[in-house]
**Student:** 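Structure in structure tokens, see below.
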Amino acid sequence: RKEKRPLLEWQAAIHGFLAKVYGDLELDTDRESDERLAGALQSCLLGLEEVAGLPTMLAQTKREAHEALDIVLRHLRPGLLPAPPPRTEEETIELLGWLELFLDDTPAVLLTGFNEGRVPHSVQTDPFLPNSARRRLGLSDNDSRLARDVYAANVLLHTRARTAFVTGRRSLEGDPLQPSRLAFHCGPEKTVERVRKFLSSEDNRPRLAAPQADPAPGLPRLPEPVSLPSIRVSSFRRFLESPYGFYLEHVLRLRTLDDNGREMDPLGFGILTHDVLEDFGRSDLADSSAPEAIATFLVDRVDARIEQTFGSRPLPAVALQGEQLKFRLRQFAARQAQHRREGWRIVHVEWEPPPEARFLRVDDGEIELRARIDRIDFHPSRGWAILDYKTSEDPKSPEKVHRRRDGSWMDLQLPLYAHLTRDLTEGNVPKLGYFSLGKDEQRIDFQWVHKWDRGDLDEALECARDVVRRVRREELFELGSRRPYEEILQAIYGDRLWSEEAP
């Protein structure tokens, strides 16, 4: 329940809550966990004091609880509290920046990232203060930064028992990197020697495996045998791209959880779009041919769904995404109204096949296919149409999504939809396609399949059966063509890890 109170009342309530939870707690600030908690509480108290010190007019202003908390907690936002200094008897590795490093008294230094562009840092283009202007104004320029960094490097070399400089050869993307020019501030003979060492082709040290290179054999897997009584229709594409990706994402169901998003990711944007269009398909306006009425309904549903999910005051990025979706749905309304005038009628939205129709026969057994079809339409003379909503900015035609140029299948979604609706369509081949909601008006429209016949659909079903056979034989440990985007899954794949075999 939303409630507004003066900020001073919220300040007292928050202070009382903290006192009730932590008031009797004894903290030992020599312990890291206690020291961090004490620092966090101190920051909260600073926020409470800030509220208490507001002018009377502001302090009596009525606000919701989250607004008062926002003032109190902003003292915690600059960053994590620093860890306590190490005890003298503990062996530690301290991380410092380049400009602080030579001031530290550590006996050993391992300097990483000793590459041109980082050390020394150079500014080559500045529209307001180019290097020549900085020099005339007496400001720090490239020459002074070079002199500073030469001095810092010499301090490290002459005041430490051990100093090592690590120079990267290639970036994560595989682009070549140059060593810092500071490495060549020496006599001619040493300069030639160092250049030869850096260019040596006999360097057999481990290198960072490129994302395209296969990792070492023995992909991580669980010892238990694979048991998969059902498969989602949409996951067949993942197997055809990467059997191992299918194993991680659809057998083990691994996901990367992240709560740092400041806006909707593509999945969240797609879910919002589907929810709004489901609301439309279940409303009385689903049978309307008036674009203005449809558009008004959809825009209102976007606002309602965003408030339901993100609250009455969503972040600006979310609000902007909502406006982008409204633009797309206004275009949808015009296409949908024309579609209805042509005689098509929405019969089902978010349709799930009945239990008896969910199975695919594979050899001597069956496997359950799990699916929820976005929309099914009917025309008195043209028959049935199956539609899937697509929200990518630049949507591809269903033919390009499903088949390669050589005719082989790389997605089976629409053919399997046709199989699951066979009882509904009485065995007839339905009209298959997408309604694409791209980023501009030219990319918002129906996209139908024009070339598939019964033979094509039967071929796709046989491809699906072959996928099921391979899953049952546990032929899952091939990397395939598409690697994951999530960093944790990339590490499981073996991408971007140190490998002796990397080129």
**Student:** D440 side chain to R443 main-chain N or O, any donor-acceptor pair under 3.5 Å?
**Tutor:** yes
**Student:** Tell me yes or no: between the side chains of N142 and R145, is some donor less than 3.5 Å from an acceptor?
**Tutor:** yes
**Student:** For D411, give me all partners under salt bridge (Lys or Arg N to Asp or Glu O under 4.0 Å), at least two apart in sequence or on another chain.
**Tutor:**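 Once residues adjacent in sequence are excluded, the partners of D411 under the salt bridge (Lys or Arg N to Asp or Glu O under 4.0 Å) criterion are R237.
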**Student:** Could you tell me whether the side chain of R358 and the main chain of P353 form a donor-acceptor pair under 3.5 Å?
**Tutor:**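 Flag set: sc R358 to bb P353 pair under 3.5 Å.
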**Student:** Centre-to-centre under 6.0 Å for F446 and Y434, is that the case here?
**Tutor:** no
**Student:** Do the side chains of E249 and R238 get nearer than 4.5 Å, heavy atoms only?
**Tutor:**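 Touching, per the 4.5 Å side-chain cut-off.
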**Student:** For the side chain of E399 and the backbone of H450, is there at least one donor-acceptor N/O pair under 3.5 Å apart?
**Tutor:** yes
**Student:** Would you check if there is a donor-acceptor pair between the side chains of D374 and W351 at a distance under 3.5 Å?
**Tutor:**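 Judged by distance alone, the side chains do not pair up.
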**Student:** With a 6.0 Å cut-off (strictly less than), is the heavy-atom count around CZ of R253, excluding the residue itself, greater than 12?
**Tutor:**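 No.
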**Student:** Aromatic contact between H379 and W384, with the criterion being ring centroids under 6.0 Å apart: yes or no?
**Tutor:**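 That pair fails the under 6.0 Å test.
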**Student:** Without swapping roles, check the side chain of D300 against the backbone of F297 for a donor-acceptor pair under 3.5 Å.
**Tutor:** no
**Student:** F165 vs F114 aromatic rings, parallel, tilted or perpendicular, using cut-offs 30° and 60°?
**Tutor:**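 F165 vs F114 ring planes: tilted.
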**Student:** For F332 and F280, take the angle between the two ring planes, folded into 0 to 90°, and tell me which bin it lands in: parallel under 30, tilted 30 to 60, perpendicular over 60.
**Tutor:** perpendicular
**Student:** Is the closest basic N to carboxylate O distance between E307 and R313 below 4.0 Å?
**Tutor:**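 Between R313 and E307 there is no salt bridge, as every charged N stays at least 4.0 Å from the carboxylate O atoms.
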**Student:** Return yes if some donor-acceptor pair links the side-chain N/O of R301 with the main-chain N/O of D279 below 3.5 Å, else return no.
**Tutor:**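 Side chain of R301 to backbone of D279, a donor-acceptor pair under 3.5 Å: no, none is there.
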**Student:** Examine the side chains of R370 and S230 and answer whether a donor and an acceptor come within less than 3.5 Å of each other.
**Tutor:** yes
